[in-house]
Amino acid sequence: MIKSKIFFSFIAIEIIVIAFLYTDANHTIAARNAEVQSKRELVRKLSLTDFAVFTEARYTRHPSQADTFSAFQDFPSSMDHFPAGSIVGPQRGNN
Amino acid sequence: MFIYSIIVATLTSLLFLTQSLKKEAMDVFIEAPELIVQRMSAGRHDLIPVGYAEKILSIPGVSSVEPRYWGYYYDNLTGGNYTLIARNIDALHMVKGTLPKGPGECAIGKGVADVRLTDLNDVLFLSINPQQKVSLKVVGIFTADSAILTNDLVVMDKNDLVNFFALPKDMATDLIVHVSNASEVPTIAMKIRRDYPDTRPITRSEIVRTYENVFNWRGGMALTMFIGPLLAFAIFAWDKATGMSAGERQEIGILKAIGWETTDVLKLKFWEGMAISLTSFLTGSILAYIHVFYFGAALFAPVLKGWSVLFPPFNPIPYIDLYQIFVIFFLTVIPYLASTIIPSWKAAVTDPDTVMRS
Amino acid sequence: MAYPTPTTITAITAPSAIIAVEGVSKIFNAGEADEMRALDGVTLSVAKGSMAVLKGPSGSGKTTILGIIGCMTRPTSGKVMVNGKDVAKLPEHFLTDIRRRTFGFIFQHFNLIKGITVKENIMLPLYPTSIPIHEMKERADAILESLNIYQKRNYHVEKLSGGEKQRVSIARALINNPEIILADEPTSHLDTKLSEDLMDRLSRLNGEGKTIVIATHDPLVYDKPYVNRIIEMRDGKVIGT
Ligand SMILES: Nc1ncnc2c1ncn2[C@@H]1O[C@H](COP(=O)(O)OP(=O)(O)OP(=O)(O)O)[C@@H](O)[C@H]1O
Ligand SMILES: [Mg+2]
């Protein structure tokens, strides 16, 4: 059955690729360990609390610092003005 | 099968990206301040009197209290939001140049440098109104690989920042409380709230938890983006389940007519579906890995970016969670198998004499 | 849903009959507006080792009775004996087993599976059995040789001519070494020469002891001298044997 041979060789190739990617992942993680350490230093020394990813609004730029009512913080209807607002969402009050 | 791979690739890309960001957040924010105290006023985060520090310092277990000065600046010129912070620190690994040593100097994130076309030793001019403005010499630029933390930062001297924002005297943005014994943080937070009911203490574990939630695959970011491809997959599987072609039906009839049992047919269909879903799944995962970890999730960036002017390029570290990959596997392979086997089963239990006419 | 039961069952099943059908009726879509009585009290028997032809105009029920004999569908009422066993009431599992062991089918439209090779098509009936793969291949090769299509064994079936397809479908019918071969209008897609060729092969198989039942309205088939039994049908009834 030729088809099954093609199938199995394809699967075999994919598994080899995945094995390669997996070792690549492990290598990268090891290689970038220094980067992680530097980032820790950055967080510690600059006392950072959040990723600088979504810079549209306070509650998306600093989700961990936003207050309980952050979704409404500037104007009630601004709730989902920012696309990231649907992603980051207001945090539940912690106290 | 192509569509199948693409859908798996999308789902897995999302997982890879969120998982990697989450792991990175866990890794780096364990160095975040143990306790931050904000003041709340009228339901909003407000400036905090530096004087609060004294009483907080007297709480047993608190080793020091440090006011933090920071704020946002909307840059009319570029439409970007910058985060301005005042820190006086000596050196950092991830900065090209130095950090500000005194008034008139600043270090800026790569994103700010790029949108303002500013290089080392150039001058960065910021202005809110004719009274509140500042010119700073750029003495340092954060490296690109730190962009996820520093992209929109402008680090400057405390006095520059206080003057620029015209902060009232003896007021800070919030307070950092250093605690000698981490296990006492919740107690101390409670005491602070008792002494100052208008404050809101934020612990490090809450910061970490925030990121756990934001990048949790079942919530926030992932969930919002998951729904699309998952729905696509459902439609795809449904289409397959309901639209079994006459040719396939005929084939099943023939197999039954020449002596195959229903179970034999189902076995064949099972392995066929397994082969297709397995190859698609593996192909999709490979594509996802390449997309996320070699191309920085380039296809997602425009969606995530939203209205942000400053958006750091993703360069996620390939932390892979096998459990999540299994979840994707079961979320795609099982419905696919069901959608191939159920109609085959329906066709296989009917009398095969229909193949004699057509 | 009252099915008129066949008045009397007259046929006496000869002991040598490999197939005996008694008072078989088949009603399609019973109870609905388009109810269709395809068979109405059919009684017939076929002796072991004979070459029988079911003859009749289109729509007379030939395909239907062949399907019932071949255990592909059940009659609405009546008795169907194959090798002395009443198959009409056997559970599905046994019917499949009988189909596989006892019958070889040659279909009007060949019914080969596209996308796989000639040889794979021929081996299909053997996959559910416990026959080892190398023996399956040996058997398939032998049959392909005897039918003169060995050189085409690795072709996909859609690339074959009509006559070649017909031979592949015969090969598939033979691979189980069945006792009975059922053929439904096997000549309808073949020209005269190929039809003669097919009949030659069938008569040779008959000579080897296989029972053959052909449904047809092609004189080229039923006028053959070696056809030793003609069953005429019309409107779902047997009108002469
Ligand atoms: N599944 C079905 N549902 C309803 N009617 C059917 C079905 N199968 C067959 N019939 C009807 O039963 C009758 C007998 O059909 P059958 O196919 O047995 O005839 P035939 O003698 O083989 O005809 P032909 O020579 O054209 O092949 C026909 O009138 C046909 O329309
Ligand atoms: Mg017919």
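A, B, ... follow the sequence lines: proteins, then strands. Residue 1 opens every chain. In what follows, every heavy atom counts, from backbone to side chain, and hydrogens, waters and symmetry copies are set aside.
- Neither the backbone nor the side chain of B:Tyr74 comes within contact range of chain A; no heavy atoms are under 4.5 Å apart.
- B:Tyr289 places no side-chain N or O within donor-acceptor distance of the main-chain N or O of A:Ile18, the cut-off being under 3.5 Å.
- Surrounding NE2 of B:His93 are at most 12 heavy atoms belonging to other residues, nucleotides or ligands under 6.0 Å away.
- Chain A forms the most heavy-atom pairs under 4.5 Å with one residue out of B:Ile148, B:Leu282, B:Ile36, and that residue is B:Ile148.
- Atoms OG1 and CG, from B:Thr150 and A:Leu48 in turn, are 8.5 Å apart once rounded to the nearest 0.5 Å.
- For A:Asn26, no part sits under 4.5 Å from any heavy atom of chain B, backbone or side chain.
- For the pair A:Arg61 and B:Asp152, the salt-bridge criterion is met [side-chain N within less than 4.0 Å of a carboxylate O].
- Between A:Lys39 and B:Glu24 there is a salt bridge, since at least one side-chain N of the basic residue sits less than 4.0 Å from a carboxylate O of the acidic one.
- Heavy atoms closer than 4.5 Å to chain A are found in the side chain of B:Ile89, but not in its backbone.
- Heavy-atom distances place the backbone of B:Ala147, and not its side chain, under 4.5 Å from chain A.
- Only the side chain of A:Phe10 comes within contact range of chain B, judged by heavy atoms closer than 4.5 Å.
- One distance of note links CG of A:Asp50 with CD1 of B:Ile207; it measures 7.0 Å at 0.5 Å rounding.
- At least one donor-acceptor pair closer than 3.5 Å links the side chain of B:Gln38 to the backbone N or O of A:Gln65.
- Of the possible polar contacts, one joining the B:Asn81 side chain to the A:Thr55 backbone as a donor-acceptor pair under 3.5 Å is found.
- Checking side-chain atoms of B:Arg68 against main-chain N and O of A:Ser47 turns up a donor-acceptor pair under 3.5 Å.
- Within 6.0 Å of the OH atom in A:Tyr22, the count of heavy atoms belonging to other residues, nucleotides or ligands does not exceed 12.
- Separating the CZ atom in B:Phe29 from the CZ atom in A:Phe51 is a distance of 5.0 Å, to the nearest 0.5 Å.
- Residues A:Leu42 and B:Met94 approach most closely at CD2-SD, 4.1 Å, considering heavy atoms.
- Of the listed residues (A:Val36, A:Leu21, A:Thr28), the one with the most heavy-atom contacts under 4.5 Å to chain B is A:Leu21.
- Heavy atoms closer than 4.5 Å to chain A are found nowhere in B:Phe281, neither backbone nor side chain.
- Expressed to the nearest 0.5 Å, how far CG of B:Leu99 lies from CG of A:Leu46 amounts to 7.0 Å.
- Summarising the geometry, atom CD1 belonging to A:Ile15 is positioned 9.5 Å from atom CD1 belonging to B:Ile286; distances are rounded to the nearest 0.5 Å.
- Residue B:Pro313 does not touch chain A at all, counting heavy-atom pairs closer than 4.5 Å.
- With respect to chain A, the highest number of heavy-atom pairs below 4.5 Å among B:Ile85, B:Thr83, B:Ile176 belongs to B:Thr83.
- B:Ile202 approaches A:Ser64 most closely through the heavy-atom pair CD1-O, 3.7 Å.
- Using a 4.5 Å cut-off between heavy atoms, B:Asp46 makes no contact with chain A at all.
- Going from atom CG of B:Leu92 over to atom OG of A:Ser38 covers 9.0 Å, rounded to the nearest 0.5 Å.
- Side-chain contact check for B:Asp145 versus A:Arg32: every heavy-atom pair is 4.5 Å or farther apart.
- In summary, the side chains of A:Glu14 and B:Thr279 do not present any donor paired with an acceptor at a separation below 3.5 Å, with no hydrogens or angles considered.
- Using a 4.5 Å cut-off between heavy atoms, B:Phe293 makes no contact with chain A at all.
- Between the side chain of B:Arg87 and the backbone N or O of A:Lys45, at least one donor-acceptor pair lies under 3.5 Å.
- Interface residue B:Val155: only side-chain heavy atoms are found under 4.5 Å from chain A.
- Looking at heavy atoms from C-beta onward, A:Asp24 lies out of side-chain contact with B:Pro318 at the 4.5 angstrom threshold.
- With a threshold of 4.5 angstrom between heavy atoms, B:Phe142 approaches chain A through side-chain atoms but not through N, CA, C or O.
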